[in-house]
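No hydrogens, no waters, no symmetry mates; every other heavy atom, side chains included, goes into these values. Model, not experiment: these values are computed from the prediction.
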Amino acid sequence: MIKITLPDGAQREYNEGVTSLEIAQSISAGLAKAVVAAEIDGQVWDLTRPITKDVAFKLLKFEDDNGKKTFWHSSAHLMAEALESLYPGVKFGIGPPIEAGYYYDVDLGGRKFSDEEMVTLEKKMLELAAKDNQYIRTEVSKADAVKYFTEKNDEYKLELIDGLNDGEITFYQQGEFTDLCRGPHIPSTGLIKAVKILSIAGAYWRGDESRQQLTRIYGVTFPKQALLDEHMRLLEEAKKRDHRKIGKELELFAFSENVGMGLPLWLPKGAMLRDKLVDFLKRAQTKAGYLPVVTPHIGNKKLYVTSGHYEKYGKDSFQPIETPQEGEQFFLKPMNCPHHCEIYKTKPRSYKDLPLRLAEFGTVYRYEQHGELHGLTRVRGFTQDDAHLFCRPDQLKEEFCKVIDLVLYVFRALDFQDFTAQVSLRDPENKTKYIGSDENWDRAEKAIIESAAEKGLTTVVELGEAAFYGPKLDFMVKDAIGRKWQLGTIQVDYNLPERFELEYTGADNQKHRPVMIHRAPFGSLERFIAVLIEHCAGKFPLWLSPEPVAILPISDKFHAFAEEVQAKLMAKNIGVFLDDRAEKIGKKIRDTELRRTPYMLIVGEKEAETKTVSVRKQGHGDQGALDVDQFITNLITEIESMI
RNA sequence: GCCGAAGUAGCUCAGUUGGCCAGAGCUACUGAUUUGUAAUCAGUGGGUCGGGGGUUCGAAUCCCUCCUUCGGCUCCA
């Protein structure tokens, strides 16, 4: 007999070799139908795998994260089975579960895969699922595994097997299909009741651009049709929040082929929103001791040779512009730091001057690959809320902590609660990608990890994600459809001070080298606004709204009074739009609601007589009448309470 | 850059297997209406069907090519 400890601490005894499915059945038949996998001592196992010792035991349903993963992983196998039956000879790469569904990278042998085939594939999958074939796990020797896939002529699987050790190789088979797989899997295909093939994309084998490109087929499956319907509905909802759609609707920004791809044009309302964000951060930075600087959009090639960026990115950036007479080369600036280093060097610095915090909303230009451009999140020209902090080594951690405070202040003001903090460190396997001494890297990495811990941030550590000149702490936020974007970033840099030979005179009257912190709480205004738009679905908080108030007169008889109200608001520097069209009030309200204007003031005969406004709040309807001055006072109080 | 998909009026979209002068709604403009909490009515504009080339008696529709956009991959100072 073995002892099984359930999550609630209860213990049950079973015969050695009992399976999780049998345990589930012993608890209740309904439970046995709903489970997809089990967690045995914290590891996810097949339900049908025999348990041979005392273990901590937890059953996983589809609702559990690991349950979903298992379900979708098994679905990838089901799709592979369907593909193999539809397209004999197809070869398989990898087919993992992802956040919402799964994909499988396949080599269709030059065949194209169209939309109609997506439907055919779905049908085939459902047909195979209905057979309720079991997923059968077998341990195989490396030699047998190689033999099987050599016969199948699947070089991708053979390459995967090559990286595995004999004795740790398992196959899973369901129906006619056998795959190399670590598992685990759901007990049988019958659990998969709803199937959707979502999209097709090219993906390089093992993520290597120089290797074969495979067809990546994305899909999602559910144990119930209703869950799939709900999932598709949520995807539709998310699409409505897409910043590209809302940006167009609300006239925030636009692109023009004549200007160039990836080069956003900020329309008046978008520019107003930007200005408000900039003002907001400038105020916070002034309080935190930052000093403003302004630098030009181009810089001499020499500058980037010194910084090392020329060597690293010279060929992959916009190519230099030349002066017509001297033939001197200038690059569009891809970052602001070299300019700021030159500002540091304009006079001798004392240890008493540090930290020196130079801030600039600097617009930079980077040549991004054509296929990578994406709305405002990935552009070729963007404005960083950049600053460079030059400090003594003993000040590094304190400064770093202060920057974290600033980033958190910004995120809080904008209600970004759902972010992840990522510590990006060097890839210990491949140190040649980076510049700078081991000693400096170790110090910088230590400073970041300690600061993040001190500030109580929950961090994810990513090896190999550091910038080439130093480690960083990035703040990641998800967009409407779950893609992760980096917003705020804080980076430690020992390298540029070295390259630019930055110095300060210490108390000992000796020259010392400062440490640099690059930081941008928004990251780039473009990307930040994109995520902000999706976050609030275009309903900006009152203090950011490009048009916080609209005045809607009932008819043109009340335009004089409306203009009076408008003048009062304008005198308080509040953005206000007067809708003086000869439209009915219902139409004006509808249009204003759709523009997401936070407050609508309806003025007619009653209001003009009593010098009041009827307030209507976006999304909340009529709020009743209010004295004009009272409304303005309330409004200002509300705005001030937000920042 | 690579794989796949798409591109019709300012916007959202219709346009059967190639066949009258390419359509609708909204927007814009003109006029009427003077309106009380999510769409007043009428009229008028507006398109080399992304560009170029080809097949055809005839192309928005079929083929080639380029551009842009979208979904991914790669990359991201």
Distance check needed: [N] [atom2] versus [X] [atom1], whole Å only.
{"X": "A/K245", "N": "B/rG10", "atom1": "NZ", "atom2": "P", "value": "18 Å"}
{"X": "A/E209", "N": "B/rC3", "atom1": "CD", "atom2": "C1'", "value": "12 Å"}
{"X": "A/D242", "N": "B/rU12", "atom1": "CG", "atom2": "P", "value": "12 Å"}
{"X": "A/L250", "N": "B/rU12", "atom1": "CG", "atom2": "P", "value": "14 Å"}
{"X": "A/H243", "N": "B/rU69", "atom1": "NE2", "atom2": "C1'", "value": "13 Å"}
{"X": "A/Y599", "N": "B/rU37", "atom1": "OH", "atom2": "C1'", "value": "16 Å"}
{"X": "A/H374", "N": "B/rC70", "atom1": "NE2", "atom2": "P", "value": "7 Å"}
{"X": "A/D479", "N": "B/rG71", "atom1": "CG", "atom2": "C1'", "value": "13 Å"}

Can you check the distance between [N] and [M], where both ends of the measurement are the [atom1] atom (answer in whole Å)?
{"N": "B/rA9", "M": "B/rU48", "atom1": "C1'", "result": "13 Å"}
{"N": "B/rC75", "M": "B/rA38", "atom1": "C1'", "result": "46 Å"}
{"N": "B/rG43", "M": "B/rG51", "atom1": "P", "result": "31 Å"}
{"N": "B/rA60", "M": "B/rC20", "atom1": "P", "result": "10 Å"}
{"N": "B/rU61", "M": "B/rU17", "atom1": "C1'", "result": "10 Å"}
{"N": "B/rC21", "M": "B/rC29", "atom1": "P", "result": "33 Å"}
{"N": "B/rU44", "M": "B/rC63", "atom1": "C1'", "result": "40 Å"}

| query | Is the aromatic ring of A/Y313 within stacking range of B/rA77, meaning centres under 5.5 angstrom and planes under 30 degrees? | reply | yes
So does [X] pair up with [Y], basic N to acidic O under 4.0 Å?
{"X": "A/K239", "Y": "A/E236", "value": "yes"}
{"X": "A/R357", "Y": "A/E399", "value": "yes"}
{"X": "A/D242", "Y": "A/R244", "value": "yes"}
{"X": "A/E249", "Y": "A/R595", "value": "no"}
{"X": "A/K240", "Y": "A/E237", "value": "yes"}
{"X": "A/R241", "Y": "A/D479", "value": "no"}

[X] near the nucleic acid: base, sugar-phosphate alone, or nothing, with a heavy-atom cut-off under 4.0 Å?
{"X": "A/Y218", "answer": "sugar-phosphate"}
{"X": "A/R216", "answer": "sugar-phosphate"}
{"X": "A/G371", "answer": "base"}
{"X": "A/H518", "answer": "nothing"}
{"X": "A/E257", "answer": "sugar-phosphate"}
{"X": "A/R527", "answer": "nothing"}
{"X": "A/F255", "answer": "nothing"}
{"X": "A/A203", "answer": "sugar-phosphate"}
{"X": "A/M335", "answer": "base"}
{"X": "A/S199", "answer": "sugar-phosphate"}
{"X": "A/G619", "answer": "nothing"}

| request: Write down the atom of A/L267, the atom of A/E251, and the distance for their closest heavy-atom approach. | output: CB-O, 3.4 Å
Watson-Crick or G-U counterpart of [N], or none if no pair lies under 3.5 Å:
{"N": "B/rU17", "answer": "none"}
{"N": "B/rA77", "answer": "none"}
{"N": "B/rU44", "answer": "B/rA28"}
{"N": "B/rU61", "answer": "none"}
{"N": "B/rC70", "answer": "B/rG4"}
{"N": "B/rU55", "answer": "none"}
{"N": "B/rU33", "answer": "none"}

Using a cut-off of less than 4.0 Å, is there contact between a side-chain N or O of [X] and OP1 or OP2 of [N]?
{"X": "A/R483", "N": "B/rG72", "answer": "yes"}
{"X": "A/K239", "N": "B/rC70", "answer": "no"}
{"X": "A/R244", "N": "B/rC70", "answer": "yes"}
{"X": "A/H370", "N": "B/rC67", "answer": "no"}

| said: I'd like to compare against my own output: the B/S/- annotation of nucleotides 24-36 of chain B with a strict under-4.0 Å heavy-atom distance to protein. | reply: ---S-----BBBB
| said: Tell me if the side-chain of A/Y204 makes a donor-acceptor pair with the base of B/rG1, cut-off 3.5 Å, by modelled atom types. | reply: yes
| message | Keeping A/R596 on the side-chain end and A/L594 on the backbone end, is there a donor-acceptor pair under 3.5 Å? | response | yes
| In this structure, are over 12 heavy atoms from other groups packed under 6.0 Å from A/K91 atom NZ? | yes
| message | So for atom CD, which belongs to A/E159, do other residues, nucleotides or ligands contribute more than 12 heavy atoms lying within a distance under 6.0 Å? | response | yes
| task | Could you check A/Q369 against A/F468 and say which one's nearest nucleotide on RNA chain B is further toward the 5' end? | result | A/Q369
| note | On RNA chain B, more 5' by nearest nucleotide between A/S317 and A/M261 is A/M261
| message | Quiz question: by atom type and distance under 3.5 Å, do the side chains of A/Q329 and A/Y304 form a donor-acceptor pair? | response | no
